[in-house]
Amino acid sequence: PEYPPLAKMARIQGTVRLEALIAKDGTIKDLKVLSGHPLLVKSALSAVQEWRYQPTLLNGQPVGGETEIDVNFTLEG
């Protein structure tokens with residue numbers, strides 16, 4: 001994800017934890033914020049919404065599911 005400029009200037013680091021509902025085709029259907037600094041949340045949501053998962057197969061058929069995702073923001077130096 002892109003590091004938000006304001007968070008970078010304020011030297012804010014941390015993890016944004018999201019809960020995602022994955023559709024049968026591997027797309028993100030629903031995202032909820034579980035925790036994370038407010039200045040980092042929007043960037044984490046934007047990045048994860050573009051992700052695609054390999055569909056999980058059950059008896060040879062694709063199925064959806066839920067997962068938790070951690071998006072880490074760390075500054076170098």
Side-chain angles (χ1 to χ4, degrees):
E2 187 175 322
Y3 217 111
L6 187 57
K8 190 182 270 188
M9 285 190 308
R11 311 264 325 141
I12 294 170
Q13 302 182 89
T15 300
V16 176
R17 177 164 279 185
L18 305 171
E19 182 179 81
L21 180 61
I22 312 296
K24 290 181 187 180
D25 64 358
T27 58
I28 304 286
K29 204 164 185 169
D30 187 31
L31 271 177
K32 290 184 209 169
V33 178
L34 299 178
S35 64
H37 194 284
L39 288 178
L40 302 174
V41 166
K42 185 176 179 183
S43 183
L45 288 171
S46 294
V48 171
Q49 285 174 336
E50 303 209 10
W51 293 3
R52 296 295 174 264
Y53 282 80
Q54 180 81 22
T56 300
L57 299 179
L58 181 64
N59 297 324
Q61 298 296 316
V63 294
E66 284 187 18
T67 190
E68 285 188 7
I69 301 167
D70 288 340
V71 182
N72 297 309
F73 290 86
T74 54
L75 293 167
E76 293 183 25

Closest non-hydrogen atom pair, [X] against [Y]:
X	Y	value
T74	Q13	CA-OE1, 3.3 Å
A7	L40	CB-CD2, 3.7 Å
A47	P1	CB-CB, 3.6 Å

So how far is it from [X] [atom1] to [Y] [atom2], rounded to the nearest 0.5 Å?
X	Y	atom1	atom2	value
K32	L21	NZ	CG	8.5 Å
I28	I69	CD1	CD1	4.5 Å
K29	I22	NZ	CD1	11.5 Å
T15	H37	OG1	NE2	12.5 Å
L57	K24	CG	NZ	12.0 Å

Next item on the list: Check whether V33 and V48 end up in the same hydrophobic cluster, where Ile, Leu, Val, Met, Phe, Trp and Tyr are linked by side-chain heavy atoms less than 4.5 Å apart.
Entry: yes

Next item on the list: Following the transitive rule for hydrophobic clusters with a side-chain heavy-atom cut-off under 4.5 Å over Ile, Leu, Val, Met, Phe, Trp and Tyr, establish whether L39 and L34 coincide in one cluster.
Entry: no

Check: Mind checking whether F73 and V16 have side chains closer than 4.5 Å, heavy atoms only?
Finding: yes

Check: Are side-chain heavy atoms of K42 and L45 found at a separation under 4.5 Å?
Finding: no

Check: Counting only N and O atoms by type, is there a donor-acceptor contact under 3.5 Å from the side chain of S43 to the main-chain atoms of Y3?
Finding: no

Margin query: Through direct or indirect side-chain contacts below 4.5 angstrom among Ile, Leu, Val, Met, Phe, Trp and Tyr, which residues connect to L58?
Written below: V63

Next item on the list: Report, as yes or no, whether the 6.0 Å neighbourhood of atom CD on E68 holds more than 12 heavy atoms from other residues, nucleotides or ligands.
Entry: yes

Notebook entry, point to check: D25 and T27: side-chain donor and acceptor closer than 3.5 Å?
Noted result: yes

